[in-house]
Amino acid sequence: MMPSLRSRIAARFLLAAYALAVLSIGITKDWRLLHEDNGAFFSSIALSHLRLGLAETRGHDFFYEPRTGTKEAYGHHPPGLALVLAGALKVTGVEETWVVRSVPILFHTASVFLLVALSSLFLPEGLSLLGGFLLATLPMGAYFGRMPNYEPLGLCLVLVQLLAWAKLRLGAGRRALLLLGAGVMLAGLLDYGPFFFGAAIGLFELIRWVKERRDGGRVLALAACGIGILAFDVAHLWYANHGDLGHLKEVLARNASPPPDFTFGDLVSGLLDFFRRYFTHTGLIASLTALAALLASRFGWGSWSARYLEADGESDPGSNRSRVFRATLALTGGTALAYVAAAPRWSKVHPYWQFYFLPFVVLSILLLVRHLRRMGSLAARVTLVVLALEVLATSTYMLHLRHTREGVFAIETTRMIRERYLAVPPPR
């Protein structure tokens, strides 16, 4: 039975209120928690745009030292994040931490609803709404989703890409293709990480075109959007920094090189540890189960995977909706893994490097919940209760830990940034 329009609207209001409440914990506090020096870091770059003007910064990231009048380019990323933060500071006219935190909070709240829309294409309404609550609850989203950094904004536009692509595969027309292209280009103005998702979608479309000789125009359109915006990013840095691309070359070389004595086992053990803490033990179990189902489906290892991965309401595992669902799940997990593996040095020390796993983890949990509900046995119902309690307990513990344990490095780095660049002043 479909829920009424009134109940659907009420559920979405409740979801929005819940997400905003969780993400707004400590919104007015100073940058003192783990990795919160990122807030001071990007605030100082945003304020450079306001103090120097776009004519001087040429729309790119610069560190400006008022005492000496010197400015230094930060060419490691596209400039979209700092420009959005500068816009928020300009509109509000207030240089406070809550203004800066509000930007990722709003973007991550939008991600919550985009994930609900994406999962609704394949799963029941109630289960999709549960996915929204999970995205707002899991520590990776609930803590790092409020942090001024590239990931909360980047994930929002990645979900725009995934939603548009899924709709395109399900038969939507030109409007979905335009939305997909816009998602690729806007995400490319924010960070290089989302390019992995645009490239993965393009690869899926290329394989489809080679096999079926269909929709070759999509491949060309996606390639034009991705390559075009990447070329723009590099050209813009070259222009803003007066012909110097040294910063970009430096970060590419450093990110690609693993730490000393780093092994594949280190990467795997680090991922498992990050998953356990920031995606909960339930998220880890569900993700490994979904991975096993995808591999079994791909290589024909039994028939259970077809039932596990089917789109809701489909009895034929070969139906288009089920195939698109499997492709979406594989793309979200595989691309996030490729992104982490491409920069093992940073993924080892920065938990938020795993942020792009969120869609895969949430969809995997929803599949596990659906499977246990279908079983209907007492043991399955008890397991569901245990998993729900584990998600709540681990998330509550990690959020309490992250919001109460100050980071010495974050405090010292924030102090240094304020002294040099006059970033956002501490709260009164």
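Bear in mind the structure is a predicted one, so any value in this text is a computation, not a measurement.
Between F274 and F279, a ring centre-to-centre spacing not shorter than 6.0 Å is recorded. Between Y352 and Y278, the distance from one ring center to the other does not fall under 6.0 angstrom. When ring centroids are compared, W353 and Y339 come within the 6.0 Å threshold.
In this structure, P79 and H236 have side chains that are in contact, with non-hydrogen atoms separated by less than 4.5 Å. Proximity of Y143 to L23: side-chain heavy atoms (C-beta onward) are nowhere separated by under 4.5 Å. Annotation: side chain of E96 is not in contact with side chain of R101 (no heavy-atom distance under 4.5 Å). A heavy-atom distance below 4.5 Å is found between the side chains of F275 and V361. The side-chain heavy atoms of T289 and S364, taken from C-beta on, include no pair separated by under 4.5 Å. Side chains of Y356 and L155 form a contact here, defined as non-hydrogen atoms less than 4.5 Å apart. By the 4.5 Å heavy-atom criterion applied to side chains, R146 and I27 are not counted as neighbours. Side-chain contact between L81 and D191: absent, with no pair of heavy atoms (C-beta onward) separated by less than 4.5 Å.
Between D30 and R415, none of the side-chain N atoms (NZ, or NE/NH1/NH2) sits under 4.0 Å from a carboxylate O, so this pair counts as no salt bridge. In this structure, R12 pairs ionically with E125, as a charged nitrogen and a carboxylate oxygen lie closer than 4.0 Å.
Applying ring-ring contact (aromatic ring centres under 6.0 Å, His included) to Y150 and the options Y192, F144, F42 leaves one that passes, F42. Of the candidates L399, L358, T282, T394, L358 is the only one forming a side-chain contact (heavy atoms from CB on, under 4.5 Å) with L138. The salt bridge (charged side-chain N to carboxylate O under 4.0 Å, His left out) test with R51 singles out one residue from E56, E65, E95, and that residue is E95.
For the pair K71 and F62, the cation-pi test (distance below 6.0 Å, angle within 45°) is passed.
Interatomic distance, CG of L392 versus OG1 of T137, reported as 7.0 Å (0.5 Å rounding). Annotation: the span from L127 atom CG to L366 atom CG amounts to 4.5 Å, rounded to 0.5 Å. To the nearest 0.5 Å, atom OG of residue S44 and atom CG of residue L85 are 10.5 Å apart. Separation of atoms CG (D312) and CG (L121) is listed at 12.0 Å; rounding is to 0.5 Å. To the nearest 0.5 angstrom, L331 atom CG is 9.5 Å from Q161 atom CD. L153 contributes atom CG, which lies 4.0 Å from atom CZ of F107 (distance to the nearest 0.5 angstrom).
Checked by atom type, the side-chain pair T70/T68 shows a donor-acceptor distance below 3.5 Å.
Counting all heavy atoms, side chain and backbone alike, L20 lies closest to I105 at CD2-CG2, 3.9 Å.
Under the ring-ring contact (aromatic ring centres under 6.0 Å, His included) criterion, Y18 pairs with F133, sequence neighbours left out. Listed by chain and residue number, F41, Y74, Y421 satisfy the ring-ring contact (aromatic ring centres under 6.0 Å, His included) test with F63 (two or more places apart in sequence, or in another chain).
At most 12 non-hydrogen atoms from other residues, nucleotides or ligands lie less than 6.0 angstrom from CZ of R373. The number of heavy atoms from other shown groups lying within 6.0 Å of CZ (R374) is above 12. Atom CD1 of I227 is surrounded by 12 or fewer heavy atoms from other residues, nucleotides or ligands within 6.0 Å. Residue R276 places its CZ atom among more than 12 non-hydrogen atoms of other residues, nucleotides or ligands, all under 6.0 Å distant.
Relative orientation of the F204 and W165 rings is perpendicular, given thresholds of 30° and 60° on the angle between their planes.
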Q.
Go through it in stages, so that I can follow the logic: the residues are E419 and R67, the test is salt bridge (charged side-chain N to carboxylate O under 4.0 Å, His left out), and I'd like the CA-CA distance, side-chain angles, deciding distance and then a yes or no.
A. CA-CA 10 Å; E419 288 181 356; R67 288 176 297 182; 5.9 Å; no
Q.
R326 vs F122, test: side chain to side chain contact (heavy atoms under 4.5 Å, CB included). Steps then yes/no.
A. CA-CA 10 Å; R326 290 195 297 270; F122 311 107; over 6 Å; no
